[in-house]
Amino acid sequence: MRIGELSDRTGTSRRLLRYYEEQGLIVSTRCANGYRAYDEPTVDRVIQVRGLLDAGLPTRIIKQILPCLDKPRVIHFQDATPEMLSTLEVERDRMTQRINCLIRNRDAVAEYLDTVRETAAPQGRTALDTLDATTA
């Protein structure tokens, strides 16, 4: 597939896809006309990269751990330094904190929605229905 299709399928701009390629996070082949061509597994790879970036990992760390994310999972870190392992531990702990915060926020929103839906309004309508009717 060409870069435009990869962009559409992953929701990632073409500019970012070219950057990922420059950083060695994804690879492409070149067609006779010079256009980039990507294989199907690149869609999943881009989604993985975006998830890791969203989690706060820098591209230099992502590049090192991407081989570990392939299936079958083969872990091979010949160049793993104590500094890199420490960085990964800090990032893992930071991700855990963010996950816990997201869970708390999700639960609070769910509780709010349940409470709003349970609150009865006139004529058997919920407070949410009344709000929707007044803003329509």
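In this chain, residues are counted from 1 in sequence order. Quick note: numbers below take in every heavy atom, side chains included, and nothing from hydrogens, waters or symmetry partners.
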Legend entry - Test log, rule side-chain contact (heavy atoms from CB on, under 4.5 Å), inputs L6 and L17: CA-CA 8 Å; L6 182 61; L17 292 172; 3.9 Å; yes

Inset, instruction - Mark yes or no for whether S86, through its side chain, and P82, through its backbone, hold a donor-acceptor pair below 3.5 Å. - result: no

Inset, instruction - If a pair satisfies salt bridge (Lys or Arg N to Asp or Glu O under 4.0 Å) and one of its residues is in residues 1-10, list it, with sequence neighbours excluded. - result: E5-R9, R9-E40

Inset, instruction - Sort and list the pairs that fulfil salt bridge (Lys or Arg N to Asp or Glu O under 4.0 Å) and have at least one residue in residues 44-69, not counting sequence neighbours. - result: R45-D70

Legend entry - Exceeds 12 heavy-atom contacts within 6.0 angstrom, atom CZ of R30: yes

Legend entry - Side-chain touch V49/L66, heavy atoms, less than 4.5 angstrom: yes

Legend entry - Side-chain touch Q97/N100, heavy atoms, less than 4.5 angstrom: no

Inset, instruction - Supply the atom-to-atom distance R94 CZ to T87 OG1, rounded to the nearest 0.5 angstrom. - result: 11.5 Å

Inset, instruction - Find out whether T59 and Y20 are in side-chain contact, i.e. whether some heavy atom of one side chain is under 4.5 Å from a heavy atom of the other. - result: no

Legend entry - Common cluster, V27/V43, ILVMFWY with side-chain heavy-atom separation under 4.5 Å: no

Inset, instruction - Nearest 0.5 Å please: distance from the CG atom of L52 over to the CD1 atom of I62. - result: 5.0 Å

Legend entry - Side-chain heavy atoms of I3 within contact of R18, under 4.5 Å: yes

Legend entry - Co-membership, hydrophobic cluster, residues L85 and V90, 4.5 Å side-chain: no

Inset, instruction - Measure across L88 and I61 and return the closest heavy-atom pair with its distance rounded to 0.1 Å. - result: CD2-CG2, 3.3 Å

Legend entry - Closest contact, heavy atoms only, T42 versus Y38: CG2-CD2, 3.8 Å

Inset, instruction - Indicate yes or no: at least one non-hydrogen side-chain atom of D39 is less than 4.5 angstrom from one of M1. - result: no

Legend entry - Minimum heavy-atom distance S28-R36, with the two atoms named: OG-CG, 3.7 Å

Legend entry - Interatomic distance, N105 atom CG to R98 atom CZ [nearest 0.5 angstrom]: 11.5 Å

Legend entry - Within one Ile-Leu-Val-Met-Phe-Trp-Tyr cluster: V46 and Y19, side-chain cutoff 4.5 Å: yes

